[in-house]
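So the structure is just underneath, and the comments pick up after that.
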Amino acid sequence: MGLKARLTYSGLAVVLAFGVGFSQTGLANAREVRVYSGRHYNTDRQIYKKFSQQTGIKVRLIESSGISLVERLKREGSNSQADVIILVDAARISNAAKAGLLQPSRSAKLDQEVPSAYRDPQGRWYGLTRRVRVIIANPSKVNVGSIRTYADLAKPSFKGKVCLRKRNNVYNQSLVADQLVMRGEASTKSWLKGMVSNVSQPYFSGDVSLARAVSQGICGVGIVNHYYVARMRAGASGANDKALANKLKVITPDPAHVNVSAGGLARYAKNKKEAIQLLEYLASPDGSQGMAGPTYEFPLRGYGSSSVLSKFVPFRPDRVTISQLGANNAKAIKLMAQFGWK
Ligand SMILES: [Fe+2]
């Protein structure tokens, strides 16, 4: 979810336009590209602006939460104005592809810029930024040294000390999908059973509230996306959160579950050429870093240069592809429900 104040409220979308197309040339048919983005990070605007300045292509941005964006695209059908669709998490982007909202974009540049694990084999979507699902622990509540990976949260020694975000959020769905691929169904089931039985607090609605609770000792250990902790440590949400995040011990499993935010060419794109050009730019080292930097995500390659993030690196992504995460999403949700993940 959003790192910056959310721009949208349910059912409403904010339209923002960047670029020089109309204003500079005065041409009615200036080149433009329309982006539907589920990334409601104010800082993304800077990167669209840069693209516009470099290419003269105007970017019209429509922001909305992931779910309502997909609903809107389904409702609009072939009348949709969307050229590029950007969503966070493997589950959301692959569900959009499955729903027929995307089309393959053939581009040698995209294939070259985006490592194969981070793109759709059919070319319908491409990873643009990376995020790591990390474990956070409170050293006064749990033995931090006994935690190396997600599976450890099922240990009986963590009885009553594990806190988790609600099942309906895609981040944990993708983590469970990841474990299905990495460790198989039987091990995943016993992990879920053990970990869920260690939960005593109500399930959380967000990673930030969970991080605060772990730091405050309400929980001993939890799982969050790395950038929430990084952002708190950077002071983005105030001195109080900064102090709380600095008290947390962050454990990045080796190998780690890595997810992406991703973009693809909309099924009914009217400005196909411009759309692919924008995707190519966003996937380039400049574009990916420009998108990932302000939100404390990681670019597609390397780790960026943030001093806050230097505490989180290096990490070693596991072998699970984003496409596999999407393919195992439904099964993951089913197992989470079966084992009582609320
Ligand atoms: Fe998020």
Side-chain angles (χ1 to χ4, degrees), residues 1-3 6 10 38 65-68 70-71 87-92 94-95 131-138 141-142 147 149-229 232 244 248 250-251 253 256-257 259 320 325-342:
M1 298 300 285
L3 294 175
R6 290 193 51 173
S10 61
S65 76
I67 296 163
S68 64
V70 166
E71 281 165 0
L87 291 166
V88 300
D89 202 281
R92 290 209 185 99
S94 49
N95 283 336
R131 54 268 306 281
V132 183
R133 201 105 182 110
V134 298
I135 298 169
I136 48 171
N138 183 322
K141 286 281 164 185
V142 295
I147 308 164
T149 190
Y150 314 105
D152 292 328
L153 270 59
K155 287 178 179 171
S157 56
F158 297 123
K159 196 96 204 153
K161 291 176 179 170
V162 175
C163 286
L164 294 173
R165 186 168 178 169
K166 287 176 183 167
R167 181 182 80 217
N168 65 6
N169 180 262
V170 287
Y171 298 159
N172 284 325
Q173 294 171 9
S174 287
L175 173 63
V176 174
D178 175 85
Q179 295 294 286
L180 277 168
V181 179
M182 283 298 287
R183 306 174 59 229
E185 191 169 330
S187 296
T188 301
K189 280 179 171 173
S190 53
W191 167 59
L192 285 173
K193 192 179 174 192
M195 185 167 68
V196 167
S197 75
N198 284 339
V199 174
S200 61
Q201 292 294 318
Y203 283 68
F204 286 74
S205 298
D207 283 11
V208 171
S209 54
L210 202 159
R212 290 182 185 131
V214 174
S215 185
Q216 289 160 344
I218 297 162
C219 315
V221 61
I223 309 171
V224 295
N225 280 355
H226 82 277
Y227 55 83
Y228 290 108
V229 180
M232 287 168 79
L244 287 174
L248 289 170
V250 175
I251 302 138
H257 162 48
N259 211 316
V320 183
L325 295 176
N328 283 278
N329 178 253
K331 192 173 188 179
I333 296 171
K334 203 180 131 203
L335 288 182
M336 290 165 90
Q338 189 185 325
F339 287 94
W341 191 315
K342 298 279 189 311

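Keep in mind that the numbers below use all heavy atoms, side chains included, and drop hydrogens, waters and symmetry copies.
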Could you please spell out the steps behind the side chain to side chain contact (heavy atoms under 4.5 Å, CB included) verdict for L87 and V70? CA-CA 9 Å; L87 291 166; V70 166; 4.1 Å; yes
Nearest 0.5 Å, what's the CG-CG distance between D89 and N225? 8.0 Å
List the atom pairs, with distances to 0.1 Å, where a side-chain N or O of residues 329-342 and a protein N or O form a donor-acceptor pair under 3.5 Å, not counting sequence neighbours.
residue, atom, partner, partner atom, Å
N329, ND2, Q173, OE1, 3.0
K331, NZ, E185, OE1, 2.7
W341, NE1, R165, O, 2.8

Do the side chain of N138 and the main chain of V214 share a donor and acceptor less than 3.5 angstrom apart? yes
Looking only at heavy atoms, which two atoms of W191 and A151 are closest? And how far apart? CD1-CA, 3.5 Å
Side chain to side chain contact (heavy atoms under 4.5 Å, CB included) between L210 and Y228, intermediate numbers included: CA-CA 10 Å; L210 202 159; Y228 290 108; over 6 Å; no
Does G184 offer a backbone N or O that forms a donor-acceptor pair with the side chain of S187 under 3.5 Å? no
Would you say N169 and Y171 are linked by a side-chain donor-acceptor pair, where the criterion is simply a distance under 3.5 Å? no
How long is the span from the CG atom in L180 to the CG atom in L175, to the nearest 0.5 Å? 10.0 Å
Smallest separation among heavy atoms of V132 and A256, with atom names: CG1-CB, 3.7 Å
Just wondering, do M182 and V320 contact through their side chains at under 4.5 Å, heavy atoms? yes
Looking only at non-hydrogen atoms, find the nearest pair between P253 and T149 and report the distance. CB-OG1, 3.6 Å
Decide yes or no on side chain to side chain contact (heavy atoms under 4.5 Å, CB included) for I223 and H257, but give the supporting numbers first. CA-CA 11 Å; I223 309 171; H257 162 48; over 6 Å; no
I136 CD1 to L248 CG distance, which is reported to the nearest 0.5 Å: 5.0 Å
Tell me whether the count of non-hydrogen atoms from other residues, nucleotides or ligands lying under 6.0 Å of CD1 in I67 goes above 12. no
Pairs flagged by disulfide bond (SG atoms under 2.5 Å apart) wherever residues 162-208 is involved - sequence neighbours left out: C163-C219
Check: K159 side chain, S197 main-chain N or O, donor-acceptor pair, under 3.5 Å: yes
Using the side chain to side chain contact (heavy atoms under 4.5 Å, CB included) rule, take V176 and Y150 through it: C-alpha gap first, then chi angles, then the decisive distance, then the call. CA-CA 10 Å; V176 174; Y150 314 105; over 6 Å; no
Minimum side-chain heavy-atom gap V224-V134 below 4.5 Å: yes
Please check: side-chain N/O of K141 versus main-chain N/O of K161, any donor-acceptor pairing under 3.5 Å? no
Can you tell me how far CG of D178 sits from CZ of R133, rounded to the nearest 0.5 angstrom? 11.5 Å
Report yes or no: does T188 contribute a side-chain atom to a donor-acceptor pair with the main-chain N or O of Q179 at less than 3.5 Å? yes
Return yes if some donor-acceptor pair links the side-chain N/O of N198 with the main-chain N/O of G160 below 3.5 Å, else return no. no
Regarding K155 and D152, does a basic nitrogen lie under 4.0 Å from an acidic carboxylate oxygen? yes
